Amino acid sequence: MRATQIFFPTLKEDPAEAEAVSHKLMVRAGMVRQLAAGLYIYLPLGVRVMDKICAIIREEMDAIGAQEISMPVLQPAEIWQQTGRWQEIGDEMFRLKDRGGRDMVLAMTHEEVITWLASHEIRSYRDLPQIWYQIQTKLRDEARPKSGILRTREFIMKDSYSFDTGIDALEHSYQRHIEAYSRIYERCGIRFYMVESDPGMMGGATAHEFMAPSAAGEDEVALCSCGYAANVELAISMPENPPYPEPGVVEVETPDVRTIEEVSSFLSVAPSLLIKSLLIMAKDGPVLAMVRGDQELQESKLNRIIGEHRPANAEEIREIAGTEPGFIGPLDLKVRKIADKSLEGGVFVAGANRNGFHVQGLVPDKDFETEFADIRRVKADEKCPNCGTRLSLEQVIEVGNIFKLGTKYSKPLGATYLDENGKEQTVVMGSYGIGPARIAAAAVEQLSDGQGIVWPVNIAPFSVHLALLQPADELQAAAAEKLYTELEAAGVETMLDDRAISVGVKFADAELLGFPIRVTIGKRSVADGSVEVLVRSSGDEFKYAMDSAAADIQNLLESL
RNA sequence: CGGGGCGUGGCGCAGCUUGGUAGCGCGCUUGCUUUGGGAGCAAGAGGCCGGCGGUUCGAAUCCGCCCGCCCCGACCA
């Protein structure tokens, strides 16, 4: 295509509202524009990238025998009521009524509909297995859309669902998805990890996420050289105990000394020898969650034990513990207590539940009763639970996830089949998502440089940026037209930059847009019958004879 | 939802403290020149200063309410 026929309004300056690199660059490169918080318009170049990513996804999904379908975004509330998610999910789901007053939802995911379909159409074990997928819009009323297209309220997702006779068969479908996903990300040219993840609101037992490392990511994963990889929401590490003092409960006066840092320095005791006591309000009443002073509570872990919860406010602390915040502790506190496993067998300092006092020499589950559970957040350099090596933490963008759902949706929606013995069984399901926009953003995040985007070959809007320096020069224009025609004939997607703009702007735009190869045709080309070729990613430059340039460029592209 | 910041030509910003009717850079239009790294000169177009209300002779500027956007947190198939 010709640049003069493509709408790509490039910007010299970063948009004021953008923070993430991918956000700035995608706006500057004229790929997207924001309509409102979390709502984006994709311009032609943005659409081309998305189409390429989706094409790769289709190929790889089809390769594992998945079949594409398309489901409505607007859905009746009934099916969501049947699975319980009408109640479970809060403000994040868009809800509306149709003209007849019926409750409707705008789908944030499609388990309900696809299971409804399966429940109506699958009758026999002979109908299984099935993998159905769609590439479809999802809507979520996100509390906080952010980082450009990374977290939006409306977005495209590839979602697939597997239907199997049992858990062994599900395992097979799950593995096939892992293979397909790995190939998809590889072909899209992004680095990624597969990590253990928290099934969360999807329900089900096992889940993994595909994570692309990037500073713009909202998630964090713990990684080990042995292959252990987990979202910090559930990552575990082996506790390392400091040397403990002698046990024996002694109250000490600690006037106006409240925080871990203050207590630590006031008593000259390392933070790892303090108990951080956090009063939590859960639906079954208050809970005292305890972690070591040098550690932090991982809310998602506590959530699995006590469900929805929030920290108590100062007033609730005074009422329940009878003390000002800062002096709360486990001793004589009549609430459910959950201590992190690293507190087991140690001797600690904790609040005394008396203003201005702490207690020393406390032994958990001896001086006070408590449950033990892993509720702390993993820190970098702690030991891997599998091999003892030091863990590292990394910021990541979630670009895909896979869940073993089991019968969470098939049971309430009655998706059953008759087995070989004529006995009715419940279909066992899996659910698998990929966010194409996040792949695009991750690619920009991981590969861009100070000049602009550096697209991976397979998802670049165009493969070649053919920069015609002086379109008004007939000889140059003719040379460019010829090469353009040859490249297009060879199947090399080329943007002929025939804009009548200054060379500096043209080159700067080429760098900003980030197509893999830039080919320059100028007066030198006309003079000596050559073109200059620049590889965006490496900066390598070549000079090709005009006559053979199309073939040479094609070869170069294939080598990237 | 809690905390913070910001809304002024298309984009990026200044002006606001100390009220007097809006300015800079980029972009855009026209002409001439220029032409291998974000060109030069000249002449132009373009803004009810987010909205509503209040104070005042007079409000971009002061006060109140509302809306929108961004960031941190909470939340997040």
Side-chain angles (χ1 to χ4, degrees), chain A residues 9-20 23-24 27-28 30 33-39 80 83 85 88-93 105-114 136 138-148 150-153 155 157-161 197-204 207 209 216 218-219 231 233 299-300 303 308-311 313 398 400-403 405 408-409 430-435 451-452 467-473 476 499-512 518 520-527 530-532 534 541:
Chain A
T10 56
L11 264 32
K12 202 180 285 189
E13 290 170 293
D14 285 337
E17 72 277 2
E19 194 87 357
H23 188 190
K24 290 177 182 171
V27 172
R28 284 187 51 206
R33 286 294 185 265
Q34 182 177 27
L35 172 66
L39 297 173
W80 290 82
T83 61
R85 291 211 282 183
E88 273 174 38
I89 299 172
D91 293 338
E92 205 184 339
M93 184 154 65
V105 316
L106 295 177
M108 46 199 301
T109 174
H110 281 75
E111 278 78 14
E112 276 76 4
V113 175
I114 205 142
Q136 176 63 285
K138 302 275 185 281
L139 290 129
R140 295 182 190 173
D141 198 356
E142 291 284 354
R144 181 141 97 84
K146 56 183 285 201
S147 306
L150 276 177
R151 187 170 206 79
T152 53
R153 293 192 292 176
F155 58 100
M157 173 181 276
K158 185 290 299 178
D159 47 323
S160 54
Y161 306 88
S197 74
D198 188 340
M201 97 172 183
M202 292 300 294
E209 288 163 331
E218 302 179 84
D219 288 288
N231 192 310
E233 287 174 358
E299 307 245 3
S300 56
N303 199 60
E308 292 288 300
H309 62 271
R310 62 169 176 84
N313 59 39
E398 181 187 351
N401 52 32
I402 56 178
F403 297 90
L405 296 176
K408 174 168 162 114
Y409 299 93
S431 142
Y432 316 85
I434 288 185
Q451 312 305 312
L468 167 57
L469 298 189
Q470 278 128 39
D473 180 318
Q476 287 181 41
R499 295 176 296 167
I501 54 175
S502 75
V503 188
V505 173
K506 193 164 283 196
F507 284 162
D509 269 358
E511 276 131 25
L512 175 61
R518 185 185 88 196
T520 305
I521 290 187
K523 63 170 185 278
R524 287 183 212 152
S525 312
V526 174
S530 71
V531 297
E532 287 144 66
L534 175 68
E541 290 183 89

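Reminder, nothing fancy here: chain letters follow the sequence lines and each chain counts from 1. Not measured: the values here are computed from a predicted model.
Place A:Ala143 and A:Leu512 on RNA chain B by their nearest nucleotides, and A:Leu512 ends up nearer the 5' end. Sequence order on RNA chain B of the closest nucleotides to A:Ala20 and A:Glu218 puts A:Ala20 first from the 5' end.
Remark: B:C6 base-pairs with B:G68; criterion is Watson-Crick or G-U wobble with both hydrogen-bond distances under 3.5 Å. Both distances falling under 3.5 Å, in either a Watson-Crick or a G-U wobble arrangement, occur for no nucleotide opposite B:U61. As the counterpart of B:U55, no nucleotide is assigned, since no Watson-Crick or G-U wobble pattern has both distances under 3.5 Å. In this entry B:A14 has no Watson-Crick or G-U wobble partner, no candidate having both defining distances under 3.5 Å. When both distances must be under 3.5 Å, the Watson-Crick or G-U wobble mate of B:G36 does not exist. Nucleotide B:U29 has B:A43 as its partner under the Watson-Crick or G-U criteria, with both atom distances under 3.5 Å.
Evaluation of atom-type donor-acceptor distances gives a pair under 3.5 Å for the side chain of A:Arg518 against the base of B:G37. Applying the 3.5 Å distance criterion, the base of B:G36 shares no donor-acceptor pair with the side chain of A:Gln470. Residue-to-nucleotide contacts include a donor-acceptor pair under 3.5 Å from the side chain of A:Glu511 to the base of B:G37.
Distance from the side chain of A:Glu13 is smallest to B:C11 among B:C11, B:A39, B:C70. When distances are taken from the side chain of A:Lys523 to each of B:C69, B:G36, B:G38, the shortest belongs to B:G36. Comparing B:G37, B:G12, B:G38 by their closest approach to the side chain of A:Glu17 singles out B:G12.
At the phosphate of B:A74, neither OP1 nor OP2 sits under 4.0 Å from any side-chain N or O atom of A:Arg144. A:Lys146 has a side-chain polar atom (N or O) that falls below the 4.0 Å cut-off from OP1 or OP2 of B:C72. OP1 and OP2 of B:G38 both lie 4.0 Å or more from every side-chain N or O belonging to A:Ser502. OP1 or OP2 of B:C70 lies within a sub-4.0 Å distance of a side-chain N or O belonging to A:Gln34.
Counting heavy atoms from C-beta on, the side chains of A:Asn303 and A:His309 come closer than 4.5 Å.
A:Val505 comes within 4.0 angstrom of a base, heavy atoms only. Residue contacts shown for A:Ala37 are limited to sugar-phosphate atoms, with no base heavy atom under 4.0 Å away.
Going from the C1' atom of B:C1 to that of B:A59 covers 34 Å, rounded to whole Å.
Counted by atom type alone, A:Lys146 and A:His23 present zero donor-acceptor pairs between their side chains at under 3.5 Å. For the 3.5 Å distance criterion, the side chains of A:Asp198 and A:Ser300 fail to qualify, holding no donor opposite an acceptor.
With sequence neighbours left out, A:Asn401 forms a side chain to side chain donor-acceptor pair (under 3.5 Å) with A:Glu398.
For A:Gln34 (side chain) and A:Ala36 (main-chain N/O), a donor-acceptor pair under 3.5 Å exists by modelled atom type.
Salt bridge A:Arg85/A:Glu111: present, at least one basic N to carboxylate O contact under 4.0 Å.
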